[in-house]
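Counting starts at 1 for both ligands and their atoms, following the listed order. Nothing here was measured: the structure is a model prediction, and the numbers come from that model.
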Amino acid sequence: MDIFQKCFDYDRADKVKAMGLYPYFVPLQGHVGAEMEIGGHGLIMLGSNNYLGLTDNPYVMEKAREAIVKYGTGCTGSRFLNGTLDLHLQLEDRLARFFQKEACLTYSTGFQANLGTIGTLGGREDILYLDRKNHASIIDGARMGYAKVVKYRHNDLEHLRHILEKHTGLPGMIITDGVFSMEGDLADICGLADLAEEFGVRLMVDDAHGVGAMGRTGMGTAEHQGCHERVDLLVGTFSKSFACIGGFAAGPKGVISYLQHNARTNIFSASLPPAAVATVIAALDILEEQPELLEKVHHAAERCRNGLAAMGFNVGRSAAPIVPIIIGDDLDCFRFWKDMFDNGVFTNPVVSPAVEPGGAMLRTSYMASHTDDMIDRALDVFQEVGLRHNLIGS
Ligand SMILES: Cc1ncc(COP(=O)(O)O)c(C=O)c1O
């Protein structure tokens, strides 16, 4: 038997392609903005995580350009050895201050941040308590370490309490997404912090979609809920609001130092390139100077969420700039996606394993640069296409 056989037998993608419904790897042409050109057509972009709309901000782009001129295009080494620039240290210092944590370590992606942080902290004696809907990188990080992993039902604090009671006295950490990435619903971080304190375990929040998008100043979901200081370890990404790529962990000095010297995804992988580091610093400058961008992104999301709900779409429990339209069947979802796309609205179809089988959805996400007019035009298309696909009544 050939190890490649499963690949040669894999026909799921080809079948969807043959039906003319394949929605993935669509090449975008030009800047990722609120409106884009794809294949010669103009589309309203409701499929990007560019929440603050900074990927083509002139100041941010200029800072990235300056960094290339000063430092070159790459560091060609890990942070540990030859890949630390003064710029990395400056960014980590800025992030620690911005997130009001003692120290911070950057990684080259948010996925690596979770693998490295969770995989390193989870030792043989430890228990990791994971929400069942946590992001793949949290699940994989937990698999990488030696800790026992226990999952609790999504956002079900009673279930988690029951599990914690069974492990009383053992060292452990509750790990949750802040904003759940597919449906845009939020973890109850204050409730999780209460349980963490009661049972003497730590709380880690991966707020990939919350940092730079949630809270009065953009510190994230815990700030939004009023318990930021009770999160022991905050993990985040630069691939969304911070308009680039990379990730970070922020928390107590001793923990960050331990990760610096032990996290394998940091030690054995090249550091963030200079342009990426400068982009994130510039995005922080803008976020600190223009916190009103946070209101703008929520305004756009709320306008669309309310419009969709009023038409009768099932928009789940979204409370962030991510709004799902829950459809159910995969092919129905692809058909709806294609009709939306052909009519000028870019969305993301999400099927299993990113959601549970039978829970296919269109995931839409919003930017500070979406105007009311763009949202209203997108809503008109949703209504027309939704009626055609019997997703809403007339
Ligand atoms: C909750 C969550 N954590 C981590 C990641 C990984 O981030 P990155 O794109 O920086 O690898 C994502 C990305 O989608 C995410 O949604």
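- Classification of the Phe25-Tyr22 ring pair by plane angle, with boundaries at 30° and 60°, yields parallel.
- Ring geometry, His159 versus His162: the interplanar angle falls under 30°, so the pair is classed parallel (tilted spans 30 to 60°).
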Checking Phe180 against His154 for the ring-ring contact (aromatic ring centres under 6.0 Å, His included) test, could you report, in this order, the C-alpha distance in whole Å, the side-chain angles of both residues, the deciding distance, and whether it holds?
CA-CA 10 Å; Phe180 287 91; His154 179 50; 4.5 Å; yes
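- Residue-level contacts of ligand 1 at the 4.0 Å heavy-atom threshold are Thr109, Gly110, Phe111, Asn114, His135, Ser137, Asp177, Ser181, Asp206, Ala208, His209, Thr237, Ser239, Lys240, Gly246.
- By the 4.5 Å heavy-atom criterion applied to side chains, Asp207 and Val179 are counted as neighbours.
- Every side chain to side chain contact (heavy atoms under 4.5 Å, CB included) that Asn262 has, sequence neighbours left out, goes to Thr120, Tyr258.
- Remark: Lys338 engages Asp342 in a salt bridge, criterion side-chain N to carboxylate O under 4.0 Å.
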